Every structure is written in structure tokens, then in C-alpha cells.
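Worksheet: one structure, shown below.
In this text the structure is predicted, and so the values were computed from the model without any measurement. We're numbering straight along the sequence, starting at 1.
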Amino acid sequence: MATLTELHRRALTDADDMIDALTSAMMPNASRCVGWTIEDLVCHMVGQNFGFAAAIADGDADRSTYRPRSHTLWDESRTAVATAIDGEPAARVRLVEIRQEAISFDAVLAIHTLDLAVHVWDAVGDAYRPSPDIVDLVLAQAERIPADRGDDAVFGPIRDVEDGDAWHRALGLLGRSSQTSRATTAG
């Protein structure tokens with residue numbers, strides 16, 4: 001059974017593969033996040049990597065640390081988060097974008113793994129399907145997110161999924177649907 005660190009590394013590799021396959025002509029295309037192009041989405045992912053890296057290393061990070069940054073900084077952001085994880089990560093981490101209380105390092109890895117996997121899907125759609133163990137982790141995390149979401153929620157409203165597939169169920173719990181076209185969910 002893979003550790004959370006191994007699952008996270010694989011999710012980062014999946015994101016690397018997706019970003020490596022993107023061309024400059026694809027960047028202005030709509031992602032599956034309402035109002036976001038693929039470039040906006042990758043810039044968001046870069047900012048998330050830097051934010052998670054700072055929080056993991058120091059136990060906390062200012063909200064501005066998570067701000068979107070140029071997609072050209074992907075490799076640097078990926079290295080930052082991997083270095084923080086492989087270094088001496090804080091035992092308890094506050095993710096200001098998620099909650100005010102500090103959570104365990106393992107919970108942070110699970111959350112960032114979900115973020116990476118879902119955003120790869122947001123960019124390339126059903127061409128991406130994570131490995132079964134990452135699907136299981138993403139589904140378990142998605143099931144923990146409250147269904148009652150306000151207007152400023154990170155995820156859109158839960159969508160019904162009829163086929164019973166674990167990945168499709170996880171996407172539905174996160175406000176996404178594999179049966180829909182691009183630009184259908186909150187970022």
C-alpha cells in the first residue's frame with residue numbers, strides 16, 4: 001500500500017505530465033472551472049504549490065503566498081513543495097484557504113493530492129484518470145467536505161452521479177461532472 005507521500009508524488013508527476021503536454025495554443029482555452037482558462041488554472045496550481053510549500057515548511061503561510069503566479073514557474077513551484085515535504089515538515093499545518101485551525105501533515109498531503117488530481121482533470125477532462133489508489137484518496141477527502149457550501153466555497157454544489165464510478169463520484173462531490181463540457185465548475 002502506497003504512503004500518502006508516495007501518492008502525493010504520483011499526483012505531482014501526473015500534473016507534470018499534463019503541464020508538459022500543454023502547448024501555448026492550448027493556454028487560452030477554457031478549463032472546466034468557470035471563468036478560468038487553462039493558463040489561469042495552471043497559474044492557480046503554481047500559487048497553490050508555493051502556498052502549500054510555505055505552510056508545510058513553517059506550519060502556516062499568509063494567504064498571499066497562495067496567489068496565482070506565472071505558469072512558467074511550475075517547475076520551481078513543484079520543487080518548492082517537494083522540498084518542503086522531503087525536508088522537516090511541520091507536524092501541524094494551518095492552511096489559511098481551508099480552515100483556521102492547524103491540521104496534521106498527513107491531512108495536508110491528502111488535501112494537496114486532491115487539489116492536484118482534480119485540477120489535472122479540470123485542464124484535460126476525461127483524458128485523465130488517476131490511479132485507483134489516488135481515486136480512493138480523492139473520494140475519501142471529497143466525502144469529508146461539507147455539502148452545505150456558501151457562495152464563496154472553494155468547490156461548487158454537489159452534482160449527482162449515476163454511474164457509481166468512484167472517480168466520477170469524487171468529481172461530483174467536488175461540483176464537477178465528467179458528462180459536461182468545459183467551464184462548468186467553480187475553481
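- The aromatic rings of Y128 and W167 lie perpendicular to each other, with more than 60° between the two planes, well past the 30° mark.
- Atom-to-atom distance recorded for L116:CG and N49:CG is 6.0 Å, nearest 0.5 angstrom.
- Here the options are Q141, E143, H168, the test is side-chain contact (heavy atoms from CB on, under 4.5 Å), and the partner is L173; only E143 passes.
- At a cut-off of 3.5 Å, with distance as the only test, no side-chain donor of R69 or S77 sits close to an acceptor on the other residue.
- Taking the six-membered ring where the residue is Trp, W36 and H119 present tilted rings, their angle falling between 30° and 60°.
- Here L171 contributes atom CG and R176 contributes atom CZ; the two are 7.5 Å apart, rounded to the nearest 0.5 Å.
- With rounding to the nearest 0.5 angstrom, the CG atom of L174 is 11.5 Å from the CZ atom of R159.
- Tested against H112 for a side-chain contact (heavy atoms from CB on, under 4.5 Å), the candidates V81, L95, I56 yield a single pass: V81.
- Residues Y66 and D62 share a closest heavy-atom pair of CD1-O, 3.7 Å.
- Between the CG atom in D115 and the CD1 atom in I111 there is a gap of 9.5 Å [rounded to 0.5 Å].
- Under a cutoff of 6.0 Å and an axis angle of 45°, R32 and W121 form a cation-pi pair.
- Here the closest non-hydrogen pair linking V135 and P130 is CG2-O, 3.5 Å.
- Other residues, nucleotides and ligands contribute at most 12 non-hydrogen atoms within 6.0 Å of the CZ atom of R144.
- At least one side-chain heavy atom of E97 sits under 4.5 Å from a side-chain heavy atom of Q48.
- Just one of D20, D16, D17 meets the salt bridge (charged side-chain N to carboxylate O under 4.0 Å, His left out) condition when paired with R78; it is D16.
- Between the side chains of T3 and T5, not a single donor N or O lies within less than 3.5 Å of an accepting N or O.
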Exercise for the section: Show your reasoning for whether side-chain contact (heavy atoms from CB on, under 4.5 Å) applies to F50 and E76. Expected result: CA-CA 9 Å; F50 281 123; E76 185 180 333; 3.8 Å; yes
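- No donor-acceptor pair under 3.5 Å is formed between the side chain of R10 and the backbone N or O of L7.
- From L12, atom CG reaches atom CH2 of W74 across 6.0 Å, with rounding to the nearest 0.5 Å.
- Checking each of V42, T37, I38 against D40 for a side-chain contact (heavy atoms from CB on, under 4.5 Å) leaves exactly one that passes, namely T37.
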Practice task
Kindly determine whether F52 and V93 satisfy side-chain contact (heavy atoms from CB on, under 4.5 Å), including the steps that lead there.
Solution key: CA-CA 9 Å; F52 272 82; V93 179; over 6 Å; no
Practice task
Test side chain to side chain donor-acceptor pair (under 3.5 Å) on R92 and S104 and set out the steps.
Solution key: CA-CA 5 Å; R92 307 277 303 163; S104 72; 5.2 Å; no
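- Of all heavy-atom pairs spanning M18 and A123, the tightest one is SD-CB, 3.7 Å.
- Atom CZ of R169 has 12 or fewer heavy atoms from other residues, nucleotides or ligands within 6.0 Å.
- If you take CG on D14 and CZ on R129, they are separated by 12.5 Å, rounding to the nearest 0.5 Å.
- A heavy-atom distance below 4.5 Å is not found between the side chains of R94 and I103.
- Across every non-hydrogen atom of A117 and I134, the tightest pair is CB-CG2, 4.1 Å.
- In plain terms, the two heavy atoms of T113 and A11 that are nearest each other are CG2-CB, 3.9 Å.
- When the options E39, M27, H71 are evaluated for a side-chain contact (heavy atoms from CB on, under 4.5 Å) with L22, the one that passes is M27.
- In E88, the CD atom is not crowded: 12 or fewer heavy atoms of neighbouring residues, nucleotides or ligands sit closer than 6.0 Å.
- Across A110 and L4, no two heavy atoms sit closer than the pair CB-CD2, 4.3 Å.
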